[in-house]
2 protein chains.
Amino acid sequence: MKLTSKGRYAVMAMADLAMFKDAGPISLTDISLRQNISLAYLEQIFIKLKNKNLVKSIRGAKGGYILDIPPENIKISNIIDAVDEEVKMLNCKKESKRGCNNKSTKCITHNLWDELDQHINNFFEKVKLQDLLKKNQTLNK
Amino acid sequence: MKLTSKGRYAVMAMADLAMFKDAGPISLTDISLRQNISLAYLEQIFIKLKNKNLVKSIRGAKGGYILDIPPENIKISNIIDAVDEEVKMLNCKKESKRGCNNKSTKCITHNLWDELDQHINNFFEKVKLQDLLKKNQTLNK
DNA sequence: TTAAATCATACTAAATTAGTAGGAATTAAA
DNA sequence: TTTAATTCCTACTAATTTAGTATGATTTAA
């Protein structure tokens with residue numbers, strides 16, 4: 001789980017789509033204006049969202065994107081995973097076969113990052129796209 | 001709360017100090033060798049830890065660092081905050097006076113990142129340095 | 001006096017992130 | 001049938017951040 005503004009943009013854009021989901025296909029131009037994200041950057045993001053079947057595209061004039069899944073069934077983690085390639089923030093894991101075996105002093109913090117990662121993932125698993133639309137509420141818990 | 005390998009190194013180094021806390025001052029050279037972190041980089045990290053009164057330094061030959069607080073009273077969040085300047089991952093906050101007021105569609109995801117941040121902070125608040133030394137246990141919960 | 005250590009600051013290299021640029025393909029509507 | 005609006009595709013680049021080096025000064029035990 002990596003957290004960058006690309007992921008943030010993706011969530012914002014998906015929330016936008018969800019808000020206007022009854023208005024037919026939404027063009028990236030619209031989202032670009034409303035959310036203030038560059039069109040070209042949105043294009044890249046939406047290719048990925050489409051590849052993960054979170055959205056469907058309608059090409060040509062009057063085209064755009066629509067959600068391919070109802071917003072109450074889309075986890076935030078689905079969105080973030082789609083656009084930000086899953087790179088573990090643990091870097092002791094990649095190096096090691098030997099060494100970082102959780103027993104040496106060398107990687108005593110291993111467990112810690114591992115659990116943090118689960119913790120963050122868990123957070124994003126619990127929150128659905130739909131939840132974002134109900135504003136000013138506590139999302140998780 | 002920012003999460004980088006600098007923060008990871010800091011936690012590793014502090015855990016190392018905690019393990020050897022009865023052995024008098026520990027030199028960064030020792031930590032460097034045990035944890036495989038460059039000495040010069042450790043030096044930078046320890047200046048910050050010292051500024052936050054997490055460690056004390058003893059200069060000169062046979063010098064080194066010792067914990068300034070017992071490990072059961074040091075939260076992981078204290079360590080990470082000390083070395084990784086607190087830069088909010090929310091970037092909608094910095095721009096805005098107007099705009100991102102949590103009511104516009106513009107920053108509908110505001111709450112989400114805010115809560116995530118609390119969530120991560122909360123995780124690191126609950127875990128103490130001492131907890132890392134009891135290996136192979138669940139840290140949080 | 002020497003060697004081991006911290007302290008301080010500046011620089012640099014690598015990686016990542018965030019975007020731009022330019023055009024091709026598709027399609028609704030005039 | 002032409003035009004304009006759109007997605008699609010790929011390559012490039014600029015900005016930022018991160019991670020780490022380099023250099024040398026200062027302190028102190030032996």
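Chain letters run A, B, ... following the sequence lines, proteins first and then strands; every chain starts at 1. Model, not experiment: these values are computed from the prediction.
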Among D:dT7, C:dA3, D:dA19, the one nearest B:Lys6 by side-chain distance: D:dA19
Contact under 4.0 Å: B:Ser38 side-chain N or O vs D:dT21 OP1/OP2: yes
d(CG, B:Leu39; P, C:dA5) in whole Å: 10 Å
Parallel, tilted or perpendicular: rings of A:His119 and B:His119 (30°, 60°): parallel
5' precedence on DNA chain D between B:Ile58 and A:Ile58 (nearest-nucleotide basis): A:Ile58
salt_bridge(B:Glu125, B:Lys75) N-O dist < 4.0 Å: yes
N or O in side chain of A:Thr4 less than 4.0 angstrom from C:dA18 OP1/OP2: yes
Touch class at under 4.0 angstrom, heavy-atom based, for A:Phe46 against every strand present: nothing
First encountered from the 5' end of DNA chain C, between B:Thr29 and B:Gln44: B:Thr29
Nearest-angstrom distance from the residue atom CG of B:Leu28 to P of C:dA8: 13 Å
Shortest non-hydrogen contact between A:Ser38 and A:Ser32, atoms and distance: C-OG, 4.1 Å
Atom-pair distance (CD1 on B:Ile26; P on C:dT6), nearest Å: 11 Å
side-chain N/O B:Tyr9 vs D:dA19 OP1/OP2, d < 4.0 Å: no
Any A:Ser5 side-chain N or O less than 4.0 Å from OP1/OP2 of C:dT17: no
Side-chain donor/acceptor of A:Glu43 to base of C:dT20, under 3.5 Å: no
Pairwise 5' ranking along DNA chain C for A:Lys62 and A:Tyr41, keeping only the more 5' one: A:Tyr41
Between C:dT6 (C1') and B:Ile31 (CD1): distance, integer Å: 12 Å
Results of side-chain contact (heavy atoms from CB on, under 4.5 Å) for A:Asn51 - residues two or more places apart only: A:Ile47
Length of the line joining B:Arg8:CZ and D:dG20:C1', which is rounded to integer Å: 14 Å
A:Asp81 side chain to A:Asn78 backbone, donor-acceptor under 3.5 Å: no
Protein-nucleotide distance (A:Ile47, atom CD1; D:dA11, atom P), rounded to Å: 14 Å
Distance, rounded to the nearest Å, where B:Tyr65 contributes OH and C:dA4 contributes P: 18 Å
Value in whole Å for how far the P atom of C:dT6 lies from CD1 of B:Ile45: 13 Å
Base of C:dT26 paired with side chain of A:Arg59 (donor-acceptor, under 3.5 Å): no
